[in-house]
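For reference, the structure is listed below as structure tokens.
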Protein chains: 2
Amino acid sequence: MKIGEIARRTDTPIRLLRYYEEQGLIEPDRMPNGYREYDEHLVDRVHQIRGLLDVGLPTRVIRQILPCLNEPQTIHMPYITPDMVETLEHERDRMAEKIRYLIRNHDAINAYLDATERHASEE
Amino acid sequence: MKIGEIARRTDTPIRLLRYYEEQGLIEPDRMPNGYREYDEHLVDRVHQIRGLLDVGLPTRVIRQILPCLNEPQTIHMPYITPDMVETLEHERDRMAEKIRYLIRNHDAINAYLDATERHASEE
DNA sequence: TTTGACCCTCACATAGGTGTGAGCCTTCAG
DNA sequence: CTGAAGGCTCACACCTATGTGAGGGTCAAA
């Protein structure tokens, strides 16, 4: 599909699709006329990228961990460097921290909303 | 305590402590000589702010939800507007989404690391 | 009284993600 | 053939969190 369609389907500005490409996160083919050609699987990929950006990872990190996330993993198993392992462990731990943090705050907001609701219905 | 100490204790650049203040996230007192004076409870507060920034919330949002998180909540119960409730619900839902997202990716990285480890030990 | 550590404000700079427009080419329907 | 829609590159602009430095005050210990 062309850029306009994937933009619609992923609800992502065209500008950003080109930016993600520039950052090495996606590599659409090119048609003979120079137009970008997006394979179906890139739809998921774009969603994934946006999700990771949304939780605060920079493109530099996303570029590194993306290949390990939902591809046929066994293929590049042997190619992984100790350096990569370290990055992955580090990001995994950071994610765990963020998860704990988000849960705590999510629950706190929830408790607060519950309390206000109860408070309101008691009047 | 003065800014240098809270900076050390929260591992936060002084520059950012002043920035958080400028953004209305903390309000340290002032000493007669103009120095900022930080109460003990601001240590937690700063940690909280940094945590929220780290998971991708902008200061604008943090400013809104912070008062609801770990204070004696009953006090400002009655002051909450429907508008605020909406913001809180929205942010709570966004947090839930991020949590799901992070867990999925955290687990994926973990699975990948496990697999590489198993792979390595089988050789 | 001087020195050094620490504080103040102001202000310009940077990096990353994103917005926006100019100038130009391709494709397709009317 | 023409016009509209959509594609391309390039480039400047913006916002937010953060870095950094200048110029200057406060205070305590030597």
Side-chain angles (χ1 to χ4, degrees), chain A residues 1-39 42-43 45-66 87 91 94 97-98 101 105, chain B residues 1-39 42-43 45-66 87 91 94 97-98 101 105:
Chain A
M1 81 197 79
K2 285 182 288 180
I3 201 169
E5 188 180 340
I6 197 176
R8 270 188 303 279
R9 287 182 53 190
T10 59
D11 197 30
T12 303
I14 289 178
R15 171 72 172 86
L16 292 188
L17 292 168
R18 301 205 258 245
Y19 176 65
Y20 301 154
E21 178 181 353
E22 186 188 314
Q23 298 300 305
L25 306 184
I26 49 181
E27 279 190 75
D29 297 345
R30 293 294 178 135
M31 297 170 169
N33 62 8
Y35 286 15
R36 272 164 259 251
E37 157 116 65
Y38 294 82
D39 187 276
L42 288 178
V43 173
R45 182 109 168 184
V46 169
H47 279 129
Q48 180 117 34
I49 291 167
R50 307 213 91 207
L52 292 170
L53 279 172
D54 191 45
V55 296
L57 278 72
T59 54
R60 172 180 35 84
V61 169
I62 297 177
R63 182 169 48 240
Q64 295 199 322
I65 69 177
L66 209 48
T87 301
E91 290 307 325
R94 264 180 70 72
E97 207 178 317
K98 289 185 183 189
Y101 210 83
N105 285 292
Chain B
M1 81 197 78
K2 286 181 289 181
I3 201 170
E5 188 179 341
I6 196 176
R8 270 187 303 276
R9 288 182 52 191
T10 60
D11 197 29
T12 303
I14 291 178
R15 170 70 173 88
L16 291 188
L17 291 168
R18 300 205 258 248
Y19 176 66
Y20 300 153
E21 178 180 352
E22 187 188 312
Q23 298 299 306
L25 306 185
I26 49 180
E27 280 190 75
D29 297 346
R30 293 292 178 136
M31 297 173 170
N33 61 9
Y35 285 14
R36 272 163 259 253
E37 158 115 66
Y38 294 81
D39 187 276
L42 288 178
V43 172
R45 183 109 169 185
V46 169
H47 279 129
Q48 180 118 35
I49 291 166
R50 307 214 90 207
L52 293 170
L53 279 172
D54 191 44
V55 296
L57 279 73
T59 55
R60 172 180 35 82
V61 169
I62 297 176
R63 182 169 48 242
Q64 294 198 324
I65 71 178
L66 209 48
T87 301
E91 289 306 325
R94 266 181 69 71
E97 207 177 317
K98 289 185 182 190
Y101 209 82
N105 285 292

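The structure presented is a predicted model; accordingly, all values stated were derived computationally and were not measured. Lettering of chains follows the sequences in order, A, B, ..., and the numbering in each one begins at 1.
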Task: A/Glu37: side chain to side chain contact (heavy atoms under 4.5 Å, CB included) partners, not counting sequence neighbours - done: A/Asp29, A/Met31
Task: nucleotides 7-13 of chain D: protein proximity per nucleotide (B base, S sugar-phosphate only, - neither; heavy atom, under 4.0 Å) - done: SSB-B--
Task: Any residue meeting salt bridge (Lys or Arg N to Asp or Glu O under 4.0 Å) with A/Arg18, in chain and number order, not counting sequence neighbours - done: none
TODO: Check each residue of residues 49-60 of chain B for a non-hydrogen atom within less than 4.0 Å of any atom in DNA chain D, then write out the ones that pass by number, or none.
DONE: B/Leu53, B/Pro58, B/Thr59
Task: Spatial distance of atom OH (B/Tyr20) from atom CD1 (B/Ile62) [nearest 0.5 Å] - done: 8.0 Å
Open item on the list: For B/Glu21, give me all partners under salt bridge (Lys or Arg N to Asp or Glu O under 4.0 Å), at least two apart in sequence or on another chain.
Closed with: B/Arg30, B/Arg36
- [ ] Could you tell me which residues satisfy salt bridge (Lys or Arg N to Asp or Glu O under 4.0 Å) with A/Asp54, sequence neighbours excluded, listed by chain and number?
- [x] B/Arg94
Task: OG1 on B/Thr10 to CD1 on B/Ile49, rounded to 0.5 Å - done: 9.5 Å
Open item on the list: Does D/dT18 have OP1 or OP2 under 4.0 Å away from a side-chain N or O of B/Tyr19?
Closed with: no
TODO: Kindly compute the distance separating CD1 (A/Ile3) from CG (A/Leu17), expressed to the nearest 0.5 Å.
DONE: 5.0 Å
Open item on the list: To the closest 0.5 Å, what do you measure between CD1 (A/Ile14) and CD1 (A/Ile6)?
Closed with: 11.0 Å
TODO: Not counting sequence neighbours, which residues clear side-chain hydrogen bond (donor to acceptor under 3.5 Å, both in side chains) with B/Tyr38? List them please.
DONE: none
Task: side-chain hydrogen bond (donor to acceptor under 3.5 Å, both in side chains) partners for B/Arg9, two or more places apart - done: B/Glu40
TODO: Report the residues that fulfil side chain to side chain contact (heavy atoms under 4.5 Å, CB included) with A/Tyr101, sequence neighbours left out, ordered by chain and then residue number.
DONE: A/Arg104, A/Asn105, B/Gln48, B/Leu52
TODO: Under the side chain to side chain contact (heavy atoms under 4.5 Å, CB included) rule, collect the residues that match up with A/Arg63, sequence neighbours excluded.
DONE: A/Gln23, A/Leu25, A/Arg60
TODO: Return the angle between end axes of the helix from C/dT1-D/dA30 to C/dG30-D/dC1, with five pairs used per end and rounding to 10°.
DONE: 10°
Open item on the list: Taking any atom closer than 4.0 angstrom to a non-hydrogen atom of chain A, what span of DNA chain C does the protein reach, first nucleotide to last?
Closed with: C/dG16 to C/dT27
